[in-house]
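The structure appears below as structure tokens.
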There are 2 protein chains.
Amino acid sequence: MGLSKTEQFTEEDILIARFAKALGHPARIAILRVLIQRKACICGDIVDELPLSQSTVSQHLKELKEAGLIQGDIDGKKVCYCINEQVWRQAQETLGVLFQRYTSCDSRCC
Amino acid sequence: MGLSKTEQFTEEDILIARFAKALGHPARIAILRVLIQRKACICGDIVDELPLSQSTVSQHLKELKEAGLIQGDIDGKKVCYCINEQVWRQAQETLGVLFQRYTSCDSRCC
DNA sequence: TTTTATTATCGTAAATTTACGATAATAGTT
DNA sequence: AACTATTATCGTAAATTTACGATAATAAAA
């Protein structure tokens, strides 16, 4: 059907999946990389860095914003995006915990 | 169009996105959680733990397998899934590096 | 105020995802 | 050999995603 039965799962799992889903496209990783590299936030010249049209980049920015990972502040004619530090740390934490929860049983299966 | 222009992005970014995408659904997080909790691998009674049909769970398992995060070994009538330790660590590493690359500039934007 | 630049949104098309039931495929069991 | 249990796959439907061009919306500049 296309959308998940989100009600049936843990809040935690839904949150992790939401963060992961936002990271689930190369363009969005590339966008985040640009935002991280410049340390300060930059505006829509992210578009110039990506091999995608302006509208498509805008859509990706929207998804990252909806996941909370970035924020955009209007600065005159332009819009300034940057990592949302707090949410970023939350994503780092929740995903990190998931990964660490697997403490090497012997790699053989069964 | 539905699919990404994967050619245009970094191998690294594509890899990260692939891992993240696989983690981008609560059901798949739940599956991984089951596999982690039991430490050893278990079979399709994952189905009993999830609020989804057998075929749907099978589909999610397939996606996790295609991302390399899990592996499934046939054991007679049943199939035994478990975390693929090596790939798991790789995902942990690549995602971890991305997250750590952001070292708190002052949270204010612009 | 008209123009220009920047960004978001709308409309659209094609591919993918999610979900399920039904059915195959496989391997033990009887 | 027939049956049963387990899992994968097929077929299908609906929602979502990805992508783009075209157009709005906004604000600075001329």
Side-chain angles (χ1 to χ4, degrees), chain A residues 1-9 13-14 17-31 34-35 41-67 70-82 109-110, chain B residues 1-9 13-14 17-31 34-35 41-67 70-82 109-110:
Chain A
M1 295 180 174
L3 189 48
S4 53
K5 310 171 140 184
T6 25
E7 313 78 26
Q8 320 247 30
F9 298 100
D13 286 357
I14 293 169
R18 187 139 37 100
F19 286 139
K21 193 177 184 187
L23 298 174
H25 193 290
R28 294 196 283 274
I29 300 294
I31 288 173
V34 172
L35 292 179
C41 45
I42 31 134
C43 324
D45 46 19
I46 301 166
V47 174
D48 300 333
E49 301 259 13
L50 297 198
L52 297 169
S53 74
Q54 181 267 319
S55 58
T56 301
V57 171
S58 187
Q59 221 172 264
H60 283 301
L61 285 167
K62 191 181 175 189
E63 276 172 77
L64 286 169
K65 203 162 52 180
E66 277 169 358
I70 67 173
Q71 62 189 86
D73 294 347
I74 298 170
D75 175 27
K77 203 185 288 185
K78 308 182 176 182
V79 175
C80 229
Y81 284 101
C82 65
C109 199
C110 301
Chain B
M1 301 188 166
L3 189 48
S4 52
K5 310 170 142 185
T6 25
E7 313 79 25
Q8 320 248 30
F9 298 102
D13 286 356
I14 293 169
R18 186 140 37 101
F19 287 139
K21 193 178 184 186
L23 298 173
H25 193 289
R28 293 195 285 272
I29 300 295
I31 288 173
V34 172
L35 292 179
C41 47
I42 31 132
C43 324
D45 45 20
I46 301 167
V47 174
D48 301 333
E49 301 257 15
L50 296 198
L52 296 170
S53 75
Q54 182 265 321
S55 57
T56 302
V57 171
S58 187
Q59 221 172 264
H60 282 301
L61 285 167
K62 193 181 175 190
E63 277 173 76
L64 287 169
K65 204 163 50 180
E66 277 169 359
I70 68 173
Q71 63 189 88
D73 292 347
I74 297 170
D75 176 26
K77 202 185 291 185
K78 308 183 177 182
V79 175
C80 231
Y81 284 100
C82 65
C109 199
C110 303

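Predicted model, so just to flag it, every value in this text is computed and none were measured. Every chain is numbered from 1, with letters handed out A, B, ... down the list of sequences.
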Can you tell me the distance, in whole Å, between the [atom1] atom of [X] and the [atom2] atom of [N]?
| X | N | atom1 | atom2 | value |
| --- | --- | --- | --- | --- |
| A:Leu61 | C:dA8 | CG | P | 7 Å |
| A:Gln59 | D:dA22 | CD | P | 17 Å |
| B:Arg18 | C:dT16 | CZ | C1' | 16 Å |
| B:His25 | C:dT17 | NE2 | P | 12 Å |
| A:Leu50 | D:dC20 | CG | P | 11 Å |
| A:Lys78 | D:dA27 | NZ | C1' | 12 Å |
| A:Asp75 | D:dT26 | CG | P | 17 Å |
| B:Leu64 | D:dA8 | CG | C1' | 16 Å |

Base C:dA8 to side chain A:Gln54, donor-acceptor N/O within 3.5 Å cut-off: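 When only heavy-atom distances are counted, A:Gln54 does reach the base of C:dA8 through a donor-acceptor pair under 3.5 Å.
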Atom [atom1] of [X] and atom [atom2] of [Y]: how far apart are they, to the nearest 0.5 Å?
| X | Y | atom1 | atom2 | result |
| --- | --- | --- | --- | --- |
| B:Lys65 | B:Ser58 | NZ | OG | 7.5 Å |
| B:Leu35 | B:Gln71 | CG | CD | 10.5 Å |
| B:Arg28 | A:Asp13 | CZ | CG | 12.5 Å |

Whether A:His25 and A:His60 hold their rings parallel, tilted or perpendicular, with breakpoints at 30° and 60°: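 The rings of A:His25 and A:His60 sit tilted, inter-plane angle from 30° to 60°.
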Does a side-chain N or O from [X] land closer than 4.0 Å to OP1 or OP2 of [N], or not?
| X | N | value |
| --- | --- | --- |
| B:Tyr81 | D:dT6 | no |
| B:His60 | C:dT17 | no |
| B:Ser53 | C:dA19 | no |
| B:Thr56 | C:dC20 | yes |
| A:Lys21 | D:dT16 | no |
| A:Ser55 | D:dC20 | no |

Sub-4.5 Å side-chain heavy-atom contact between B:Val34 and B:Tyr81: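 In short, these two side chains do not touch, never coming nearer than 4.5 Å.
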Nearest-nucleotide comparison on DNA chain D, the residue closer to the 5′ end among A:Lys77 and A:Ala27: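 The residue closer to the strand's 5' end, by nearest nucleotide, is A:Ala27.
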